[in-house]
Asker: 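Here you go, one structure.
Throughout, numbering of the chain's residues begins at 1 and tracks the sequence.
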Amino acid sequence: MATAMDLALSQAARAAARGEVPVGAVVTDAQGAVLAQAGNEVEARADPSAHAEILAMRAAAAVLGDKHLTGCTLTVTLEPCAMCAQAASLFRIGRVIFGAYDPKGGGVEHGARVFSHPQCNHAPEVVGGLREGECAGLLRDFFSRRR
């Protein structure tokens, strides 16, 4: 059975095949059932907010019929940026699991560190570095082919 990170990596690979930065995200419920999954669609939608995390959380909320994803887990191949971290907070995600760290654009362990701010109204549990090498490798390969 595929894990949430397996599915996120598959979504990231599909995004890369479409010419998108290879980031994939999956939202699972408290029992681990997949509610939604997505890859980046920034280029296809000409929308800088069409990150995998945003798309997956929106779709999961639609499935549940609720704006809050309490008890759900967001699994993503790359440390969420500040925009996606703030969205996870607003969606009330219970846990964020990510693969590769992003010292340049990350907003969880790097940069803005959204969940650490006193103004953050909901801070999920965070687990970073899951299958980090594999997740980072997808990004490294994608960008090396572009240069």
Side-chain angles (χ1 to χ4, degrees), residues 1-18 20-140 142:
M1 183 172 164
T3 67
M5 186 57 83
D6 290 332
L7 296 173
L9 282 161
S10 176
Q11 287 293 330
R14 289 180 192 164
R18 296 190 305 269
E20 302 277 356
V21 173
V23 177
V26 174
V27 176
T28 52
D29 68 14
Q31 289 72 42
V34 174
L35 297 173
Q37 52 186 308
N40 273 355
E41 293 186 20
V42 171
E43 302 303 326
R45 295 181 186 223
D47 177 357
S49 72
H51 289 195
E53 302 96 307
I54 300 286
L55 299 175
M57 288 186 292
R58 285 178 179 162
V63 167
L64 293 177
D66 192 341
K67 66 182 179 180
H68 292 145
L69 300 173
T70 307
C72 293
T73 298
L74 170 67
T75 302
V76 60
T77 57
L78 180 65
E79 176 183 349
C81 69
M83 173 184 70
C84 292
Q86 183 61 36
S89 176
L90 293 172
F91 274 106
R92 305 284 195 276
I93 282 283
R95 181 167 48 171
V96 174
I97 299 172
F98 66 86
Y101 290 88
D102 188 357
K104 182 178 176 187
V108 177
E109 300 285 333
H110 297 89
R113 298 177 193 226
V114 170
F115 304 139
S116 299
H117 278 269
Q119 296 89 349
C120 182
N121 59 0
H122 171 76
E125 174 189 348
V126 175
V127 177
L130 180 66
R131 295 171 66 178
E132 179 182 5
E134 194 174 352
C135 293
L138 272 177
L139 290 156
R140 196 171 31 256
F142 176 81

Asker: Of all residues at least two apart in sequence or in a different chain, which pass the side chain to side chain donor-acceptor pair (under 3.5 Å) check with His68?
Answerer: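 Checked His68 against side chain to side chain donor-acceptor pair (under 3.5 Å); zero matches.
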Asker: How far apart are the closest heavy atoms of Phe115 and Cys120, and which atoms are they?
Answerer: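 Heavy-atom minimum between the residues: CA-SG, 3.9 Å.
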Asker: Mind checking whether Ile54 and Met83 have side chains closer than 4.5 Å, heavy atoms only?
Answerer: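 SC-SC contact between Ile54 and Met83 confirmed.
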Asker: Going by the rule salt bridge (charged side-chain N to carboxylate O under 4.0 Å, His left out), which residues pair with Glu134 if we only count those two or more places apart in sequence or in a different chain?
Answerer: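 For Glu134, the residues satisfying salt bridge (charged side-chain N to carboxylate O under 4.0 Å, His left out) (neighbours in sequence not counted) are Arg131.
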Asker: Anything under 3.5 Å between a donor and an acceptor, one on a side chain of residues 34-47, the other on a protein residue two or more places apart or in another chain? List them.
Answerer:
unit_1	atom_1	unit_2	atom_2	d
Gln37	OE1	Gln11	NE2	3.3
Asn40	OD1	Ala52	N	2.8
Asn40	ND2	Val21	O	3.1
Glu41	OE1	Arg45	NE	2.7
Glu41	OE1	Arg45	NH2	3.1
Asp47	OD1	Ser49	N	2.8
Asp47	OD1	Ser49	OG	2.7
Asp47	OD2	Ser49	OG	3.3

Asker: Set out, in order, the CA-CA distance, both residues' side-chain angles and the distance that settles side-chain contact (heavy atoms from CB on, under 4.5 Å) for Leu74 and Glu53, then state yes or no.
Answerer: CA-CA 8 Å; Leu74 170 67; Glu53 302 96 307; 4.1 Å; yes
Asker: Which residues pass the side chain to side chain contact (heavy atoms under 4.5 Å, CB included) test with Ala112, not counting sequence neighbours?
Answerer: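 Checked Ala112 against side chain to side chain contact (heavy atoms under 4.5 Å, CB included); matches are Ala82, Val114.
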Asker: Of all residues at least two apart in sequence or in a different chain, which pass the side chain to side chain contact (heavy atoms under 4.5 Å, CB included) check with Cys135?
Answerer: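 With sequence neighbours excluded, Cys135 shows a side chain to side chain contact (heavy atoms under 4.5 Å, CB included) to Met5, Leu9, Thr77, Ala100, given in chain and number order.
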Asker: Over all heavy atoms of both residues, which pair between Cys84 and Met57 is shortest? Give the atoms and the distance, please.
Answerer: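 Answer, listing the atom of Cys84 first, then Met57: O-CE, 4.0 Å.
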Asker: Nearest 0.5 angstrom please: Gln86 CD to Cys81 SG, how far?
Answerer: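 Reported to 0.5 Å precision, the distance equals 11.0 Å.
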Asker: How far apart are the closest heavy atoms of Cys72 and Leu64, and which atoms are they?
Answerer: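 It is SG-CD1, 4.1 Å.
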Asker: Listing request: all salt bridge (charged side-chain N to carboxylate O under 4.0 Å, His left out) pairs with a residue in residues 97-113, at least two apart in sequence or in separate chains.
Answerer: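 Pairs touching residues 97-113 that pass the test: none.
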Asker: Can you measure from CG (Leu78) to CG (Leu138) and round to the nearest 0.5 angstrom?
Answerer: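 It comes to 10.5 Å.
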Asker: Tell me the ring-ring contact (aromatic ring centres under 6.0 Å, His included) pairs involving residues 75-105, sequence neighbours left out?
Answerer: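 Checked against ring-ring contact (aromatic ring centres under 6.0 Å, His included) - neighbours excluded - the pairs reaching residues 75-105 are Phe98-Tyr101.
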Asker: Going from CG on Leu7 to OG1 on Thr28, what distance comes out if it is rounded to the nearest 0.5 angstrom?
Answerer: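 Here the interatomic distance stands at 9.5 Å.
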Asker: Tell me the closest heavy-atom pair linking Val27 and Ala60, and the distance in Å.
Answerer: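 Of all heavy-atom pairs spanning Val27 and Ala60, the closest is CG1-CB, 3.6 Å.
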Asker: Would you list the pairs meeting side-chain hydrogen bond (donor to acceptor under 3.5 Å, both in side chains) in which at least one residue belongs to residues 114-128, sequence neighbours left out?
Answerer: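 Qualifying pairs: Ser89-Asn121.
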Asker: Considering all heavy atoms of both residues, which atom of Pro22 and which atom of Ala16 are nearest to each other, and what is their separation?
Answerer: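 Heavy atoms of Pro22 and Ala16 come nearest at CB-CB, 3.7 Å.
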